[in-house]
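This report concerns only the one structure given below.
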Amino acid sequence: MSEPVVAAGGTRATLRRNFWRGVWRVLRRKPSRMLGVVILAGFAVMGAVGPLLYPERLPRDDDALYAPPSWEHPFGTDFEGTDVLALVITGSRYVLLTALVTAVITVVLGTGVGLLAGFRRGRWDTVLMRITDMKLTIPGLPLLLVLSTVWTFTGAFEMGLVLGLLGWGGVARAVRAQTLSLRERGFIEAARGLGLSTTHIVGRELLPGMAPFIAMNMLIAVTGAVYAQVGLFFLGVLPFDANNWGVMLNLAVFGGGALTTTAALPYMMAPLLAIMLLTLGIVLVVDAMDEIFNPRLREE
């Protein structure tokens with residue numbers, strides 16, 4: 001191995017170490033940011049491992065319908081005597097998997113369209129932005145209500161696919177604006193002058209600079225996907241084929257009268273607390289990412 005290759009490898013390793021040290025310093029600066037990381041890690045573990053800890057059919061206790069919170073049932077039981085905490089844990093997989101699929105599709109489509117439109121300009125920019133504008137003018141919720149009449153959304157991947165296809169417009173617009181700003185920078189002009197391919201310029205020069213922005217948009221897309229799917233299940237427009245937080249809210253409010261009686265209130269509050277906690281974790285992590293990738297904030 002030649003000395004330049006070894007030196008380049010050593011430089012990259014040093015940059016990676018310095019980056020992760022900087023990340024650790026930013027996280028330690030505010031304990032709330034560490035809390036956000038812990039919250040998101042906890043939800044990831046809960047969605048991946050939690051359902052494996054329970055049988056496919058959760059046990060029921062006919063003598064403990066809408067039982068109040070206790071050591072045995074921290075959030076009480078539902079109308080069938082099933083532990084509410086177990087329902088939250090087992091229902092997290094559908095919600096989180098749908099949110100992850102939605103975020104990936106939203107970011108990939110939005111980033112691809114925004115990069116192509118902003119870098120190529122001209123006719124490509126005009127056509128892609130008109131398609132994006134048409135997408136942004138379509139109201140998401142009414143369209144989902146219409147689609148739910150012809151599509152059952154039986155799985156998390158199907159749900160995430162539909163939400164992702166409906167949510168990429170804003171990311172495309174934002175990435176295009178970032179691309180238009182970066183394409184006029186000196187390092188992009190130098191890359192063009194060297195005759196580097198478009199693929200190299202976009203992949204090696206533009207994307208790394210926008211990676212923080214894309215990562216934050218992905219986390220924000222997760223939050224939007226959680227709200228969208230839970231709202232649809234809460235409204236009852238989707239079939240209750242899978243246990244998830246939206247189904248719990250619907251059954252607690254419309255079936256158990258949680259808004260008028262206290263018996264079903266813990267059944268309603270448990271998924272709401274899970275959604276609020278997940279949102280809090282995302283907000284705290286986005287705050288940390290903003291400082292990690294913003295040199296001005298790091299200097300303050």
Side-chain angles (χ1 to χ4, degrees), residues 19 22-23 26 33 36 99-141 143-144 160-228 279 282-300:
F19 172 77
V23 170
V26 170
R33 294 169 177 172
L100 180 61
V101 173
T102 301
V104 170
I105 294 175
T106 298
V107 168
V108 170
L109 272 179
T111 301
V113 171
L115 277 172
L116 184 59
F119 189 77
R120 296 296 295 270
R121 298 295 302 275
R123 188 173 302 174
W124 279 100
D125 186 23
T126 302
V127 172
L128 291 175
M129 285 302 99
R130 294 298 77 76
I131 295 174
T132 303
D133 291 339
M134 291 174 58
K135 160 64 196 66
L136 291 173
T137 58
I138 299 175
L141 181 59
L143 180 59
L144 285 170
L161 174 63
V162 173
L163 292 176
L165 292 176
L166 293 176
W168 57 268
V171 177
R173 270 289 180 187
V175 170
R176 173 184 177 270
Q178 292 280 330
T179 304
L180 290 175
S181 174
L182 292 174
R183 75 188 298 274
E184 306 300 333
R185 301 286 178 87
F187 65 95
I188 298 296
E189 295 295 336
R192 286 174 178 161
L194 292 173
L196 298 178
S197 65
T198 300
T199 303
H200 178 91
I201 295 175
V202 172
R204 297 293 184 88
E205 306 295 339
L206 282 176
L207 269 180
M210 289 190 292
F213 175 79
I214 294 171
M216 287 189 286
N217 271 276
M218 187 167 183
L219 286 175
I220 295 171
V222 168
T223 306
V226 170
Y227 293 160
T279 304
I282 290 175
V283 169
L284 295 177
V285 171
V286 168
D287 174 62
M289 292 176 64
D290 193 21
E291 182 171 339
I292 290 169
F293 296 110
N294 192 332
R296 294 180 180 179
L297 293 179
R298 288 201 302 268
E299 292 171 359
E300 292 179 358

task: Evaluate the criterion side-chain contact (heavy atoms from CB on, under 4.5 Å) for residue pair V104 and M218; output intermediate values, then yes/no.
output: CA-CA 7 Å; V104 170; M218 187 167 183; 3.4 Å; yes
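Rounding to the nearest 0.5 Å gives a distance of 11.0 Å between OG1 of T126 and CD1 of I131. Note that the NZ atom of K135 and the OG1 atom of T137 stand 8.5 Å from one another [nearest 0.5 Å]. Note: R176 CZ to T111 OG1 = 15.0 Å, rounded to the nearest 0.5 Å. Here I220 contributes atom CD1 and T279 contributes atom OG1; the two are 12.0 Å apart, rounded to the nearest 0.5 Å.
The shortest distance between side-chain heavy atoms of R121 and L180 falls below 4.5 Å. Contact of the T223 side chain with the L219 side chain is not registered, since no non-hydrogen atoms from C-beta on lie closer than 4.5 Å.
Of the residues V175, T132, V108, the one that meets the side chain to side chain contact (heavy atoms under 4.5 Å, CB included) test with W168 is T132. Checked against L109 for a side chain to side chain contact (heavy atoms under 4.5 Å, CB included), the options V107, T106, I105 give a single hit: I105.
Counting all heavy atoms, side chain and backbone alike, T179 lies closest to G114 at OG1-O, 3.9 Å. Looking at every heavy atom in both residues, L136 comes nearest to R173 through CD1-CG, 4.0 Å. For the pair M129 and A117, the tightest heavy-atom approach, listed with the atom from each and the gap, is CE-CB, 3.9 Å. The shortest non-hydrogen separation linking L163 to A228 is CD2-CB, 3.9 Å. For the pair A225 and A99, the tightest heavy-atom approach, listed with the atom from each and the gap, is CB-CA, 3.7 Å. The two residues I282 and V222 have their closest heavy-atom pair at CD1-CG1, 3.8 Å.
Taking a 6.0 Å sphere around CZ of R130, one finds it holds more than 12 heavy atoms contributed by other residues, nucleotides or ligands.
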